[in-house]
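Contents: one structure, followed by commentary.
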Amino acid sequence: KLIMKTNNLLPNKHKLTGWIIFSIGLISILILSLFPEFEGFIKVPVVSIYHDGFMSSENDGFFKLVENDITGELAALFLIIGGLIVGFTKEKVEDEFIAKLRSDSLVWSVILNYCILIIAIMFVFDFTFMNILFYNMFTPLLFYIFRFNYLKLKSANHEE
């Protein structure tokens, strides 16, 4: 019998903050995906662990200071950090039923994610495949959050 330990979860008071951060990240990723002209919004010098100048080798190497647009990185960080807070914050009532919903949702999200990835590996190629890989870093967390909250809402509706 698998019971998720709740002492690994954040306190419930962080859930609203998580939803706000998650929403900002999700909306930002959607805007950047649909309107690429918003790229280049925030250009700043950043430390790069390894920089490959691609077309020029003048600034190649480890631990370089490079000028970079961090708009996409900020959106991704907001989505991931907010998603982790939302997904792994205690509910007001954290019982065995909620633990089972968490566990089932987590397993379901990983299986669904890899099924989609397998289909993409077999039938999608070139830069489209790279786009799928980009979104694939978010999908397990998104699938988990949506599935968990869907099951929680569904069970609440059955209790009424």
Side-chain angles (χ1 to χ4, degrees), residues 1-49 66-121 124 127-160:
K1 185 174 176 180
L2 175 68
I3 300 293
M4 182 177 262
K5 287 186 162 193
T6 59
N7 58 350
N8 296 333
L9 300 174
L10 296 168
N12 180 265
K13 66 182 179 182
H14 298 297
K15 192 162 289 272
L16 177 60
T17 304
W19 276 112
I20 291 168
I21 295 169
F22 177 75
S23 299
I24 291 169
L26 186 60
I27 290 167
S28 299
I29 292 284
L30 290 172
I31 289 171
L32 290 172
S33 296
L34 297 173
F35 306 103
E37 60 269 16
F38 284 108
E39 295 266 346
F41 187 63
I42 307 172
K43 278 194 150 202
V44 295
V46 294
V47 175
S48 174
I49 292 176
V66 296
E67 183 90 3
N68 189 48
D69 170 34
I70 62 167
T71 311
E73 285 86 346
L74 288 174
L77 285 172
F78 270 68
L79 182 65
I80 292 168
I81 291 168
L84 288 171
I85 294 170
V86 167
F88 301 102
T89 299
K90 289 180 183 177
E91 296 299 311
K92 287 183 180 172
V93 176
E94 191 72 34
D95 56 12
E96 286 186 18
F97 178 71
I98 294 294
K100 178 154 178 34
L101 289 184
R102 281 187 193 284
S103 176
D104 291 351
S105 298
L106 197 54
V107 169
W108 182 88
S109 69
V110 170
I111 291 170
L112 177 62
N113 186 67
Y114 280 103
C115 287
I116 291 170
L117 188 57
I118 288 167
I119 291 167
I121 288 169
V124 181
F127 284 113
T128 305
F129 181 73
M130 295 305 287
N131 283 334
I132 289 173
L133 286 181
F134 169 76
Y135 292 112
N136 194 253
M137 85 176 133
F138 307 115
T139 51
L141 192 53
L142 291 171
F143 292 158
Y144 167 71
I145 289 169
F146 291 126
R147 176 73 174 180
F148 175 66
N149 284 289
Y150 168 75
L151 292 176
K152 202 171 59 166
L153 184 65
K154 188 175 156 186
S155 71
N157 287 341
H158 283 288
E159 289 175 5
E160 293 175 0

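From a predicted model like this one, the values you see are computed outputs, not experimental measurements.
- For F78, the ring-ring contact (aromatic ring centres under 6.0 Å, His included) criterion is met by no residue, not counting sequence neighbours.
- Looking only at side-chain heavy atoms (C-beta outward), I81 and L84 stay at 4.5 Å or farther from each other.
- Smallest separation of non-hydrogen atoms from P36 and S33: CD-O, 4.3 Å.
- Atom CZ of F38 sits in a sparse spot, with 12 or fewer heavy atoms from other residues, nucleotides or ligands closer than 6.0 Å.
- Taking CD1 of I31 as the reference point, atom CD of E39 lies at 12.0 Å (rounded to 0.5 Å).
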Ignoring hydrogens and angles, write down the donor-acceptor pairs under 3.5 Å from the side chains of residues 106-114, residues two or more places apart or on other chains.
unit_1: S109; atom_1: OG; unit_2: S105; atom_2: O; d: 3.3
unit_1: S109; atom_1: OG; unit_2: L106; atom_2: O; d: 2.9
unit_1: N113; atom_1: OD1; unit_2: N136; atom_2: ND2; d: 3.0
unit_1: N113; atom_1: OD1; unit_2: T139; atom_2: OG1; d: 2.4

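- Between V124 and I119, every side-chain heavy-atom pair lies at or beyond the 4.5 Å cut-off.
- More than 12 heavy atoms of other shown residues, nucleotides or ligands fall within 6.0 angstrom of atom CZ in F129.
- For residues 66-84, the side-chain hydrogen bond (donor to acceptor under 3.5 Å, both in side chains) pairs, not counting sequence neighbours, are N68-E73, D69-T71.
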Which pairs of donor and acceptor atoms, one on a side chain in residues 19-26, lie under 3.5 Å apart (sequence neighbours left out)?
unit_1: S23; atom_1: OG; unit_2: W19; atom_2: O; d: 2.7

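- Side-chain atoms of V86 and F148, non-hydrogen and from C-beta on, never get closer than 4.5 Å to each other.
- In this structure, NE2 in H14 is found 10.5 Å from NZ in K90, a value given to the nearest 0.5 Å.
- Here OH of Y144 is found 8.5 Å from CG of N149. Values are rounded to the nearest 0.5 Å.
- Listed here is the closest heavy atom pair of E94 and L9: OE2-CD1, 3.7 Å.
- The side-chain heavy atoms of I29 and Y135, taken from C-beta on, include a pair separated by under 4.5 Å.
- The CG atom of L79 sits 12.5 Å away from atom CG of L74, with the distance rounded to the nearest 0.5 Å.
- Applying the side-chain hydrogen bond (donor to acceptor under 3.5 Å, both in side chains) criterion to N12, with sequence neighbours excluded, gives no partner residue.
- With sequence neighbours excluded, the residues that form a salt bridge (charged side-chain N to carboxylate O under 4.0 Å, His left out) with K152 are E91.
- Judged purely by atom type and a 3.5 angstrom limit, R147 has no side-chain atom pairing as donor or acceptor with the backbone of L101.
- Of all heavy-atom pairs between L32 and A75, the closest is CD1-CB, 4.0 Å.
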### Task
May I have the step-by-step check of side-chain contact (heavy atoms from CB on, under 4.5 Å) for F134 and M130, ending in yes or no?
CA-CA 6 Å; F134 169 76; M130 295 305 287; over 6 Å; no
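- Between L10 and I85, the closest side-chain pair of non-hydrogen atoms falls below 4.5 Å.
- A 6.0 Å sphere centred on CD1 of I49 holds no more than 12 heavy atoms belonging to other residues, nucleotides or ligands.
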